[in-house]
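What follows is a single structure, written as structure tokens, with notes after it.
Each ligand, and each atom within it, is numbered from 1 in the order the structure gives. What you see below is based on every heavy atom in this structure, not just the backbone, and it leaves out hydrogens, waters and symmetry mates.
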Amino acid sequence: MADSSKQFSDLPGVELTSEHGLPAVRVATAQASGLVYLQGAHVAAWQPAGQAPVIWMSPNAVYAPGKALRGGVPICWPWFGANAEHPKLPAHGFARTREFTYRGARVDEAGRVELELSLSNDAQTEALFPFAFELRLRVALGTTLQLELEVENRAGQSFTFEEALHSYFAVSDVKQASVSGLRGAQYADKVRNLAVFSEEAEALRITGETDRVYESSAACRIVDPAAGRSILVEKRSSASTVVWNPWAERAAQMSDLGADAWPGMLCVESANVGSAKITLAPGEAHILRVAVSLAPMTS
Ligand code: TA6
């Protein structure tokens, strides 16, 4: 089901390298620079030319095989958060700690460099998720960023999964930032025992530990006045939005985040979780799409 019209190969400005001891693809073009680790097909950096970095990586991230990276865009799959049936299984599934196959690069219609990486089932994945599948991430890095997470069911029976592109965005000060686009949406608040509320704020301000799963297919805009910019997060085929910042106390308990770094990050995640989980019949595929762009504060 992969889009065979897209030919991926080697390209100038695209380099297979090793960062912090992990294999990665570094992109450096006139439009932007970026970095994607093969482990977890993990986007760790995106910086449009002339702009400050948009994707946040923890200064205390631990770079080790099989260890989830703190920051960037982790892929949560095939479950989100704790596994409902088997809570001892790794949080957010296994995709983010598995090494993906790098399938090459191409230049897309917008002149961005698009990379493709894939992960298929094996004995390790089948022990946790007993189905044949292929997961593909296509990431286009340029003046704008586009992510496509494609799941293909290669099993002989239907399967159900949750998914998230757990994006960590860089903000100059989360205490001054806000998120618009969620007004009227229902959300389950993990900080208040998953109690359900309706979002009343036109622009959601982060004033403490925030961990909310919104039922929303709408675009969000992160407004960052101290940086004089806003980050627009548009999405397709995603019915859940997660907003997360651990704030001081929780951050201090997370060694790979640390007591000082939390004001510089805000997660606005494009997902399909809980009642929005996806079921695919054999041979079917689903694509979650996210497009990220910057806008000056004036607009
Ligand atoms: O997306 C928000 C969340 O589910 C929070 O509950 C918090 O745990 C965060 O993800 C980070 O999870 P991690 O497993 O990467 O420590």
Note down each nitrogen or oxygen pair, ligand 1 side and protein side, whose separation is under 3.5 Å; give only atom names and the distance to 0.1 Å.
| residue | atom | partner | partner atom | Å |
| --- | --- | --- | --- | --- |
| ligand 1 | 1 (O) | H166 | NE2 | 2.9 |
| ligand 1 | 1 (O) | E269 | OE1 | 2.9 |
| ligand 1 | 1 (O) | E269 | OE2 | 2.7 |
| ligand 1 | 4 (O) | H92 | NE2 | 3.3 |
| ligand 1 | 4 (O) | K190 | NZ | 3.2 |
| ligand 1 | 6 (O) | K190 | NZ | 3.4 |
| ligand 1 | 6 (O) | D211 | OD2 | 2.5 |
| ligand 1 | 8 (O) | R250 | NH2 | 3.4 |
| ligand 1 | 10 (O) | H92 | NE2 | 3.0 |
| ligand 1 | 10 (O) | H166 | NE2 | 3.1 |
| ligand 1 | 12 (O) | H92 | NE2 | 3.4 |
| ligand 1 | 14 (O) | R96 | NH2 | 2.9 |
| ligand 1 | 15 (O) | R70 | NH1 | 3.0 |
| ligand 1 | 15 (O) | R96 | NH1 | 2.9 |
| ligand 1 | 16 (O) | R70 | NH1 | 3.4 |
| ligand 1 | 16 (O) | R70 | NH2 | 2.9 |

Original post:
Relative to F131, does R154 satisfy both conditions: NZ or CZ under 6.0 angstrom from the six-membered ring centre, and within 45 degrees of the ring's axis?
Top reply: no
Original post:
Got a sec, which residues hit salt bridge (Lys or Arg N to Asp or Glu O under 4.0 Å) with K67, two or more places apart in sequence or on another chain?
Top reply: D256
**OP:** Search all heavy atoms of A295 against all heavy atoms of R221 and return the closest pair with its distance.
**Re:** CB-NH1, 3.5 Å
Original post:
Which heavy-atom pair separates L22 from Y37 by the least distance, and what is that distance?
Top reply: CB-CD2, 3.7 Å
Subject >> Worked verdict on W77 versus F133 for ring pair (Phe, Tyr, Trp, His ring centres under 6.0 Å) >> reply: CA-CA 12 Å; W77 193 86; F133 66 84; 4.7 Å; yes
Original post:
Pick one: which of R289, R136, H286 meets side-chain hydrogen bond (donor to acceptor under 3.5 Å, both in side chains) with E150?
Top reply: R136
